[in-house]
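This report refers to the structure that appears directly beneath it.
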Amino acid sequence: MFVPCPHCQFLVAHHPQLRPLPDACPRCGRPLQETDDAGGDDAPPPAAAPDGSAAVEAVAVDPAAQDVPAIAEAASAATAVSTPGNSEPPPALQSPATSAPTRAPAPARDLARWRWPLVASLAALLVLQILLADRDRLAADPRWRPLMENVCALVRCDLQPWREPSAFSMLDRKVRPATPGTLRVDATFRNDARWAQPWPALQLALADADGRILGSGVFAPQQYLGQAPGTSLSPGQSAQVTFLVQEPAPGTVAFSFEFR
């Protein structure tokens with residue numbers, strides 16, 4: 001059992017058979033029992049401990065279950081108990097600070113998924129720039145002409161007109177005197193190219209009976225048409241022209257045409 005000191009309320013372990021009660025308090029050194037003849041009935045009640053702890057009732061201890069060291073440890077633990085009014089609540093558990101959620105980086109597979117389409121787009125853009133920069137030369141090649149027409153139709157660029165003088169075919173031609181010193185030229189030709197062509201320039205050469213060239217001249221479309229043509233000649237389209245030329249010398253009996 002425990003006996004409280006009447007002066008400092010220190011609990012002193014006491015066992016009737018194993019450990020007799022000492023005369024003085026181990027803590028304050030004052031006697032544990034008052035020598036007043038009046039007995040324990042008139043003794044003042046034990047005062048509260050200076051640290052505010054309440055008096056602890058004596059607990060009966062079974063001698064067979066406890067030994068002296070265990071009793072001493074229990075007494076020391078009992079002195080540390082404080083009253084509910086003065087006890088401080090245990091500190092609340094502080095939850096670890098949570099940082100704001102951060103966006104995880106995109107997985108590598110997402111980057112790889114967009115990498116190749118981007119490379120293909122840049123390569124296509126580079127090819128398109130090359131085609132546009134050299135479109136006039138490529139459009140003059142019959143192998144590249146269809147592609148360049150489709151590209152320019154898509155991006156709305158202009159192509160140089162197709163020119164293939166050898167694709168014009170002369171269908172009919174006549175040269176006869178109109179007035180003294182003037183010859184009338186009649187010519188019918190057709191565009192046999194795959195694409196539309198501008199009106200060609202006509203080169204007319206006049207010769208005598210011996211084959212000597214008496215005169216030659218190149219006539220632009222506005223000269224043999226009388227005005228600038230507003231359209232080109234579509235594939236398979238025929239045209240008939242008539243114009244007058246001055247006879248370079250009498251005795252013209254032969255003539256030839258070339259398209260330029």
Side-chain angles (χ1 to χ4, degrees), residues 121-260:
S121 300
L122 293 177
L125 182 60
L126 178 61
V127 171
L128 180 61
Q129 290 180 345
I130 294 175
L131 292 177
L132 293 179
D134 204 18
R135 65 179 182 273
D136 291 337
R137 184 183 65 84
L138 294 175
D141 190 334
R143 297 172 298 178
W144 288 91
R145 182 81 183 187
L147 175 63
M148 297 310 302
E149 286 183 345
N150 294 332
V151 170
C152 282
L154 179 64
V155 301
R156 298 189 179 185
C157 63
D158 296 329
L159 284 180
Q160 292 292 334
W162 180 257
R163 291 187 178 275
E164 189 179 359
S166 60
F168 286 105
S169 300
M170 183 65 70
L171 303 179
D172 188 19
R173 56 188 177 177
K174 293 178 181 178
V175 177
R176 59 177 182 262
T179 59
T182 304
L183 300 176
R184 176 178 174 173
V185 179
D186 297 317
T188 303
F189 53 90
R190 182 183 62 226
N191 178 25
D192 291 335
R194 295 171 54 188
W195 299 279
Q197 293 194 78
W199 288 73
L202 295 178
Q203 182 177 5
L204 175 62
L206 302 175
D208 59 10
D210 296 329
R212 290 178 298 181
I213 301 298
L214 300 178
S216 177
V218 179
F219 301 92
Q222 58 267 25
Q223 291 177 313
Y224 60 76
L225 292 176
Q227 60 182 0
T231 59
S232 57
L233 293 175
S234 301
Q237 181 180 355
S238 300
Q240 182 177 3
V241 296
T242 299
F243 58 98
L244 300 175
V245 297
Q246 186 177 2
E247 186 177 10
T252 300
V253 295
F255 58 90
S256 63
F257 283 96
E258 288 186 8
F259 297 99
R260 294 186 178 271

Self-check item: disulfide (SG to SG under 2.5 Å) pairs, two or more places apart, involving residues 175-235
Solution: none
Quiz item: How would you list all residue pairs meeting ring pair (Phe, Tyr, Trp, His ring centres under 6.0 Å) that involve residues 122-153, not counting sequence neighbours?
Solution: none
Practice problem: Please examine the side chains of E258 and P165, heavy atoms only from C-beta on, and report whether any two atoms are closer than 4.5 Å. | Solution: no
Quiz item: Listed by chain and number, what are the side-chain hydrogen bond (donor to acceptor under 3.5 Å, both in side chains) partners of W162, not counting sequence neighbours?
Solution: E164
Quiz item: Among pairs that include at least one residue of residues 137-195, which meet disulfide (SG to SG under 2.5 Å), considering only residues two or more places apart or in two chains?
Solution: C152-C157
Quiz item: Hey, does L206 have a side-chain heavy atom less than 4.5 Å from the side chain of L183?
Solution: yes
Quiz item: Rounded to the nearest 0.5 Å, how far does CZ of F168 lie from CG of N191?
Solution: 4.5 Å
Side-chain donor-acceptor distances from residues 122-132 under 3.5 Å, at least two apart:
none

Quiz item: Which residue pairs satisfy the ring pair (Phe, Tyr, Trp, His ring centres under 6.0 Å) criterion with at least one member in residues 225-253, sequence neighbours excluded?
Solution: F219-F243
Would you be so kind as to tabulate the donor-acceptor pairs closer than 3.5 Å made by side chains of residues 225-236, with sequence neighbours excluded?
none

Quiz item: Going from CD on Q160 to CZ on R137, what distance comes out if it is rounded to the nearest 0.5 angstrom?
Solution: 14.0 Å
Practice problem: Quick one: closest heavy-atom pair of L171 and R190, and the distance? | Solution: CD2-NH1, 3.6 Å
Quiz item: Between P250 and L214, which heavy-atom pair has the shortest distance, and what is it?
Solution: O-CD1, 4.4 Å
Practice problem: Apply side chain to side chain contact (heavy atoms under 4.5 Å, CB included) to A178 and list each qualifying residue two or more places apart in sequence or on a separate chain. | Solution: T182, R184, L244
Exercise. List the steps and the verdict of side chain to side chain contact (heavy atoms under 4.5 Å, CB included) for F189 and W199.
Key: CA-CA 10 Å; F189 53 90; W199 288 73; 4.1 Å; yes
Exercise. Mind checking the CE-CG spacing from M170 to D172? Nearest 0.5 Å is all I need.
Key: 9.0 Å
Quiz item: Any idea which heavy atoms bring A139 and M148 closest together, and the distance?
Solution: N-CG, 4.2 Å
Exercise. With rounding to the nearest 0.5 Å, note down the distance linking NZ in K174 to CZ in F255.
Key: 10.0 Å
Practice problem: Please round to the nearest 0.5 Å and tell me the distance separating atom CG of L202 and atom CZ of F259. | Solution: 6.0 Å
Self-check item: side chain to side chain contact (heavy atoms under 4.5 Å, CB included) partners for V253, two or more places apart
Solution: A209
Exercise. List in chain and number order the residues that pass side-chain hydrogen bond (donor to acceptor under 3.5 Å, both in side chains) with T242, two or more places apart in sequence or in another chain; answer none if no residue qualifies.
Key: D186
Practice problem: For R173, check side-chain hydrogen bond (donor to acceptor under 3.5 Å, both in side chains) against everything at least two apart and list the hits. | Solution: none
Self-check item: Pairs satisfying side chain to side chain donor-acceptor pair (under 3.5 Å), at least one member in residues 210-226, at least two apart
Solution: D208-R212
